[in-house]
Amino acid sequence: MNIVLLGPPGAGKGTQAEILKDAFKLLHLSTGDMFREEVKAGSEIGKKLAEYMNKGELVPDKIVTDLVIGRMGKPDAKSGVILDGYPRTGAQAESLDKALKDSGKRLDVVLYVNTTDEVVVKRLSGRRICKACGKIFHVVNMPSKKENVCDICGGELYQREDDKPATIKNRLEVYVKSTKDLIKYYRDKGFLYEFDGGMQKEDLFKAVKALFNKLGLLNK
Ligand code: AMP
């Protein structure tokens with residue numbers, strides 16, 4: 001089963017990806033994470049990727065698509081993948097379709113986890129992250145036992161600069177603008193299913209599972 005996961009920051013996409021990955025033994029393929037690993041490893045392709053990433057530019061479609069398709073051919077992706085962070089544009093969605101077809105694979109479903117600006121602002125502005133181990137907390141929904149101290153490793157918790165309320169609105173606007181074509185592309189093809197990210201994560205998972213069942217994806 002191959003899934004594309006879309007959604008604005010703070011809608012609960014990351015949490016759902018983790019749940020789906022474990023439930024269906026899928027590979028969670030975040031292009032941003034994959035590229036950062038290549039850069040860190042200092043590989044030839046990593047050097048090329050860094051040229052774009054360091055400037056904050058998108059990596060050219062051909063490079064991204066080849067890397068994603070290559071990664072999908074590895075043994076740990078046998079049961080399928082959750083694509084996160086790719087495709088980002090309508091053009092990337094088209095090249096992904098073509099490349100999947102050429103390699104005998106297909107996209108099964110696009111899950112669009114969306115929610116209101118109000119929920120996003122509440123979630124992101126309350127998010128706190130451990131400086132040492134990266135564990136994520138929330139001041140209301142998942143507070144640490146001791147204020148600003150990580151329950152896991154005792155590290156100090158901090159707030160990401162772009163999680164401050166003033167920047168959240170802008171991030172949302174950028175997201176909507178940049179994914180408009182992509183969402184239209186998948187909606188027109190009948191692939192896109194929209195979910196309310198404001199639901200509890202367990203309820204959202206139940207709704208997603210019901211959809212998979214309806215689409216006959218559970219035995220794939
Ligand atoms: P992210 O962590 O998703 O924000 O990605 C970090 C960087 O990786 C981006 O700023 C881009 O340079 C590159 N990148 C990740 N995904 C893509 C993609 N689908 N298309 C082009 N560039 C990407």
Side-chain angles (χ1 to χ4, degrees), residues 2-18 20-21 26-74 77 80-103 105 107 109-114 120 123-124 127 129 134-136 158-164 167-186 189 191-192 197:
N2 295 313
I3 304 171
V4 165
L5 196 56
L6 300 177
K13 186 168 63 94
T15 309
Q16 217 40 229
E18 286 306 301
L20 291 170
K21 174 184 99 167
L26 302 171
L27 175 75
H28 178 196
L29 212 170
S30 147
T31 43
D33 288 350
M34 182 165 89
F35 294 174
R36 277 184 287 276
E37 270 167 37
E38 288 289 346
V39 172
K40 215 163 118 191
S43 65
E44 275 313 306
I45 188 76
K47 283 179 199 150
K48 207 167 186 76
L49 293 170
E51 284 174 27
Y52 299 96
M53 294 170 75
N54 292 341
K55 285 187 272 181
E57 285 172 13
L58 285 184
V59 176
D61 287 358
K62 168 104 178 72
I63 300 179
V64 188
T65 305
D66 286 353
L67 283 171
V68 168
I69 296 292
R71 186 68 188 83
M72 287 176 76
K74 298 257 170 82
V81 296
I82 305 169
L83 291 176
D84 179 0
Y86 176 82
R88 286 200 182 193
T89 60
Q92 285 193 356
E94 280 179 39
S95 51
L96 175 66
D97 272 352
K98 190 177 172 312
L100 284 173
K101 209 166 162 194
D102 291 348
S103 58
K105 295 187 169 76
L107 182 65
V109 67
V110 177
L111 305 177
Y112 179 32
V113 182
N114 200 5
V120 167
R123 282 200 184 143
L124 293 184
R127 184 158 73 173
I129 306 166
K135 168 88 184 153
I136 298 173
Y158 77 103
Q159 181 176 36
R160 263 170 59 167
E161 203 47 51
D162 57 356
D163 277 349
K164 302 209 165 137
T167 28
I168 294 173
K169 284 252 181 247
N170 187 41
R171 281 169 76 192
L172 281 174
E173 272 165 30
V174 168
Y175 179 83
V176 170
K177 230 190 236 163
S178 62
T179 51
K180 226 167 100 194
D181 289 350
L182 182 61
I183 287 170
K184 182 174 176 345
Y185 178 84
Y186 284 132
K189 285 201 150 215
F191 269 136
L192 189 106

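All ligand and atom numbering here is 1-based and tracks the order in the structure.
Between T167 and E161, the closest side-chain pair of non-hydrogen atoms is not below 4.5 Å.
Among pairs with a residue in residues 50-64, those fulfilling salt bridge (charged side-chain N to carboxylate O under 4.0 Å, His left out) read K62-D66, at least two apart in sequence or across chains. Listed by first then second residue, pairs satisfying salt bridge (charged side-chain N to carboxylate O under 4.0 Å, His left out) with a partner in residues 83-98 read K13-D84, D97-K189, K98-D102, not counting sequence neighbours.
The pair R36-D33 counts as a salt bridge, with a side-chain nitrogen and a carboxylate oxygen less than 4.0 angstrom apart. With respect to the salt-bridge test (charged N to carboxylate O, under 4.0 angstrom), the residues K40 and E37 do not qualify.
Closer than 4.0 angstrom to ligand 1 lie heavy atoms from T31, G32, F35, R36, M53, E57, L58, V59, V64, G85, Y86, R88, Q92.
Residues satisfying the side-chain hydrogen bond (donor to acceptor under 3.5 Å, both in side chains) test with R127, not counting sequence neighbours, are D163.
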